[in-house]
Amino acid sequence: MRIDKFLKVSRILKRRTLAQEACGNGKVVVNGKDVKPAYKVKIGDEVEIKYTDGSLKFRVLAIKETVKKDEASSLYEII
């Protein structure tokens with residue numbers, strides 16, 4: 001699954017276009033490398049999203065095409 005879609009499905013970012021912009025601006029790092037929106041995320045990847053006031057780092061635990069709102073947090077664990 002593409003990283004931009006994963007960020008949207010897991011509800012880390014609200015919209016896929018927002019996720020694409022973040023990747024395009026170098027704010028998304030996977031395993032220490034900047035990635036583009038088309039990067040294929042894998043289970044075990046460590047993802048960091050840089051915000052203006054800090055960052056969020058998490059590990060991918062599962063990949064699903066769709067999940068319910070209350071199950072979205074089961075796709076990742078915050079490091």
Side-chain angles (χ1 to χ4, degrees):
M1 176 183 292
R2 291 169 54 114
I3 185 73
D4 59 341
K5 185 172 182 182
F6 179 82
L7 293 173
K8 187 242 180 220
V9 169
S10 63
R11 290 172 173 80
I12 292 172
L13 295 175
K14 283 189 173 188
R15 294 182 310 275
R16 190 167 176 180
T17 54
L18 187 66
Q20 289 172 338
E21 289 174 10
C23 291
N25 293 334
K27 296 184 179 183
V28 179
V29 178
V30 179
N31 298 327
K33 296 180 182 178
D34 288 350
V35 294
K36 295 185 178 184
Y39 175 82
K40 298 288 184 193
V41 70
K42 298 174 282 304
I43 294 173
D45 280 350
E46 291 188 6
V47 182
E48 182 177 5
I49 301 175
K50 300 173 189 172
Y51 297 104
T52 55
D53 59 343
S55 66
L56 171 69
K57 192 169 185 178
F58 63 91
R59 182 176 295 118
V60 177
L61 297 179
I63 298 172
K64 296 182 182 177
E65 289 295 319
T66 58
V67 292
K68 294 181 181 176
K69 185 177 182 179
D70 56 338
E71 297 173 358
S73 62
S74 68
L75 299 178
Y76 61 91
E77 70 173 346
I78 295 177
I79 301 174

Inset, instruction - Verify side chain to side chain contact (heavy atoms under 4.5 Å, CB included) between Ile12 and Val47, making sure each step is shown before the conclusion. - result: CA-CA 11 Å; Ile12 292 172; Val47 182; over 6 Å; no
Legend entry - side chain to side chain contact (heavy atoms under 4.5 Å, CB included) involving Glu46 - partner list, sequence neighbours excluded: Asn31, Lys57, Arg59, Ile79
Establish whether [X] and [Y] are linked, either directly or via other cluster members, by ILVMFWY side-chain heavy-atom contacts under 4.5 Å.
| X | Y | answer |
| --- | --- | --- |
| Val60 | Ile78 | yes |
| Met1 | Ile3 | yes |
| Leu56 | Leu13 | yes |
| Leu18 | Val29 | no |
| Val41 | Ile43 | yes |

Inset, instruction - With the side chain counted from C-beta on, respond yes when Tyr39 and Asp45 share a heavy-atom pair under 4.5 Å apart, and no when they do not. - result: yes
So how far is it from [X] [atom1] to [Y] [atom2], rounded to the nearest 0.5 Å?
| X | Y | atom1 | atom2 | answer |
| --- | --- | --- | --- | --- |
| Arg11 | Ser73 | CZ | OG | 10.0 Å |
| Ser74 | Lys68 | OG | NZ | 12.0 Å |
| Lys64 | Phe6 | NZ | CZ | 11.0 Å |

Looking at every non-hydrogen atom in both residues, tell me the closest pair between [X] and [Y] and how far apart they are.
| X | Y | answer |
| --- | --- | --- |
| Ala72 | Ser10 | CB-O, 3.6 Å |
| Lys50 | Asp34 | NZ-OD1, 4.5 Å |
| Val67 | Val9 | CG2-O, 3.6 Å |

Inset, instruction - Take atom NZ of Lys36 as the centre, draw a 6.0 Å sphere, and report whether it contains more than 12 heavy atoms from other residues, nucleotides or ligands. - result: no
Legend entry - Residues Arg2 and Asp4 bridged, charged N to O under 4.0 Å: yes
Legend entry - Ionic contact status for Lys5 with Glu65, cut-off 4.0 Å: yes
